[in-house]
Asks: 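Attaching a single structure in structure tokens format; questions to follow.
Numbered from 1 within each chain, the chains take letters A, B, ... in sequence-line order.
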2 protein chains.
Amino acid sequence: MRQRRVPDVVVNRLPLYLRVLSEIDVDHAPIISSYELGERTGITPGQIRKDLSMFGVFGKQGVGYDVSILRGELRRILKLNRIVNVGLVGVGNLGQAFLRYGADRQREILSREGLRMRAAFDQDERKIGRRIAVVEVYPVARMPELIKKLDLKIMILTVPAGAAQEILDRCVASGVKAFLNFAPVKLTVPAGVRVHHADFTLQLESLAYYSREWEGNEEQTNIESGTD
Amino acid sequence: MRQRRVPDVVVNRLPLYLRVLSEIDVDHAPIISSYELGERTGITPGQIRKDLSMFGVFGKQGVGYDVSILRGELRRILKLNRIVNVGLVGVGNLGQAFLRYGADRQREILSREGLRMRAAFDQDERKIGRRIAVVEVYPVARMPELIKKLDLKIMILTVPAGAAQEILDRCVASGVKAFLNFAPVKLTVPAGVRVHHADFTLQLESLAYYSREWEGNEEQTNIESGTD
DNA sequence: GATTGTGAACGCCTTCACAGCA
DNA sequence: TGCTGTGAAGGCGTTCACAATC
Ligand SMILES: NC(=O)c1ccc[n+]([C@@H]2O[C@H](COP(=O)([O-])OP(=O)(O)OC[C@H]3O[C@@H](n4cnc5c(N)ncnc54)[C@H](O)[C@@H]3O)[C@@H](O)[C@H]2O)c1
Ligand SMILES: NC(=O)c1ccc[n+]([C@@H]2O[C@H](COP(=O)([O-])OP(=O)(O)OC[C@H]3O[C@@H](n4cnc5c(N)ncnc54)[C@H](O)[C@@H]3O)[C@@H](O)[C@H]2O)c1
């Protein structure tokens, strides 16, 4: 089986596999089985094999997966084998935290997978021209120019809810097709554009449902349930 | 139909309905239909009705839902009808952003639904005793005491990956049953404890898959797809 | 007339189980 | 012998369609 419309859930699991593979010391453990990968990710071995089988045949039967090879394949599948440049709009509390994160650990969790934070944008004159960690803050008016020049492929939206749709539309007009949105609003996008929502408020509220005594503590299964 | 094991996906959608209802001016629009609620949330009307029907009968046929009543019911279902106290561990880049968010908009998006940020914890001596926005930073050693005293029901984990499991275990030992985790690690928890992951790195990586030209831009459906 | 509540059909993802292969 | 790859079965959430009801 191969590439027949890959379900979103599958694509969403691939980075988890990739992370585990990236954290393995290849010299000590050059090979990994779907069972061990399953233990480290919390995904069942069968599921992992099914997921991978959508993209090709990467393992050796009776042996397992070569860690380096599988890692390379996953990066290729996720299109992380070339550097992916990322921009951010809204240099407030959250935006700054994110910019510092990318910098502090520039060699680590983000950039080892090919993601690079390249530019930040804000409306506030006092923030423009500042440098937060490795990234400079530009005026919003320069977005079209810099999206092209820096080849920004993903935009992170950390603007207030009221500004998110407008900023998104302007980015889309400049050709950006992928967004990570932190503003608590529904965003409307044309076909071919992708928005992932990172809405902690909603997650906190749904947690409340589980925060009191589990009434029907029926099964004791489901270690590590919840939102992934 | 009523309460026969509610699927997680359903619980995860409820806060979205709640948000829309909370943003409605009840004086101008005291009634809302599942169609309008659907437009504002991006969920199909049928889905909304099915979701709600798991918990009871809240609408009037031929009319719609009373906004105030439905809002009250959702808050009750989500156990947000009493104040839910929230703590945070790890007062770094992200932790501080979050503490400030809760404060800046204390009357707004978090607290209007009954969530209250009450205490923060850190290991770093220099941070202990500081006050970030409305919340004081305490030493980790005081967690058991303050979890009880402040009745903390949800803990937000913004510590480094290496510390997350230990902190979680200590919170669980003090009776916390719900966590929002930002550290990029798999966490293991006993039955009856719930962990929601807010792992932006994984979300960014899966976005990369969609960030280039949509090869098979088959359907132009799916406005607003992706992670919710 | 309009909209809810819901059983039934549907479709999709997950799980299962084993054949295939090193 | 051990683990992958995968068709088939199963489970579960979503969609459909309409009867019930205001
Ligand atoms: N901080 C958090 O912990 C947190 C948590 C959940 C959700 N959010 C959401 O993330 C977003 C940002 O939150 P924050 O706390 O960083 O807010 P913030 O007010 O600190 O920062 C917003 C930034 O966006 C800039 N901005 C405003 N309008 C703009 C525009 N039209 N174009 C460009 N820049 C503009 C502002 O100048 C400011 O720097 C909000 O939508 C918020 O609801 C934040
Ligand atoms: N900042 C971001 O944008 C971002 C993005 C994605 C994920 N994360 C994750 O969120 C977590 C926090 O990120 P950050 O950038 O705020 O890191 P940070 O280093 O700025 O902050 C971590 C804080 O935790 C405290 N701490 C460390 N060990 C502790 C312990 N055992 N007990 C109590 N406190 C302890 C530190 O003193 C520090 O204040 C990390 O796991 C990170 O991977 C952060």
Asks: Just how far, in rounded Å, is P of D:dG2 from CD1 of A:Ile31?
Replies: 17 Å
Asks: Quick check: on DNA chain C, is the nucleotide nearest B:Gly59 upstream (toward 5') of the one nearest A:Gly46, or the reverse? Name the residue that is more 5'.
Replies: B:Gly59
Asks: State plainly whether the residues B:Asp151 and B:Lys153 are in salt-bridge range, i.e. N to O under 4.0 Å.
Replies: yes
Asks: Assess, by modelled atom type and distance only, whether the side chains of A:Asn93 and B:Arg100 contain a donor and an acceptor separated by less than 3.5 Å.
Replies: no
Asks: Where does the angle between the aromatic ring planes of B:Phe200 and A:Phe182 fall among parallel (under 30°), tilted (30 to 60°) and perpendicular (over 60°)?
Replies: perpendicular
Asks: Could you check which of C:dT14, C:dG5, D:dT14 has an atom nearest any side-chain atom of B:Gln47?
Replies: D:dT14
Asks: Might you work through the salt bridge (Lys or Arg N to Asp or Glu O under 4.0 Å) test for B:Asp199 and A:Arg19, ending with a clear yes or no?
Replies: CA-CA 12 Å; B:Asp199 204 322; A:Arg19 170 183 295 169; 2.9 Å; yes
Asks: Just how far, in rounded Å, is C1' of C:dT15 from CZ of A:Arg13?
Replies: 12 Å
Asks: Measuring from the side chain of B:Lys50 (C-beta onward, heavy atoms only), which nucleotide among C:dT6, C:dG5, D:dT6 has the closest atom?
Replies: C:dT6
Asks: Select from B:Thr44 and B:Tyr35 the residue whose nearest nucleotide in DNA chain D is closer to the 5' end of that strand.
Replies: B:Thr44
Asks: I need the CG-P distance between B:Asn12 and D:dT14, as an integer number of Å.
Replies: 11 Å
Asks: May I ask you to evaluate whether B:Tyr65 reaches the phosphate of C:dA2, defined as a side-chain N or O under 4.0 Å from OP1 or OP2?
Replies: no
Asks: Between A:Arg75 and B:Glu205, does any side-chain N to carboxylate O distance fall below 4.0 Å?
Replies: no
Asks: Considering only D:dG13, D:dC3, C:dT3, which nucleotide approaches the side chain of B:Val9 most closely?
Replies: D:dG13
Asks: Could you tell me the separation between the CD atom of A:Glu39 and the C1' atom of D:dC3, rounded to a whole number of Å?
Replies: 15 Å
Asks: Whole angstrom is fine here: how far is it from CE in B:Met54 over to P in C:dT4?
Replies: 18 Å
Asks: Without decimals, in angstroms, what is the distance between A:Phe58 CZ and D:dT6 P?
Replies: 11 Å
Asks: For B:Asp8 and D:dG11, what is the distance between atoms CG and P respectively, to the nearest whole Å?
Replies: 19 Å
Asks: Send over the distance from B:Ile48 CD1 to C:dT3 P, rounded to a whole Å.
Replies: 14 Å
Asks: Is it the case that C:dT3 (base atoms only) and B:Gln61 (side chain only) share a donor and an acceptor within less than 3.5 Å, ignoring hydrogens and angles?
Replies: no
Asks: Which nucleotide in the set D:dT6, C:dT3, D:dC3 lies at the smallest distance from any side-chain heavy atom of B:Ser33?
Replies: C:dT3
Asks: In terms of side-chain heavy atoms of B:Arg49, which of D:dA17, C:dC13, C:dT14 is nearest?
Replies: D:dA17
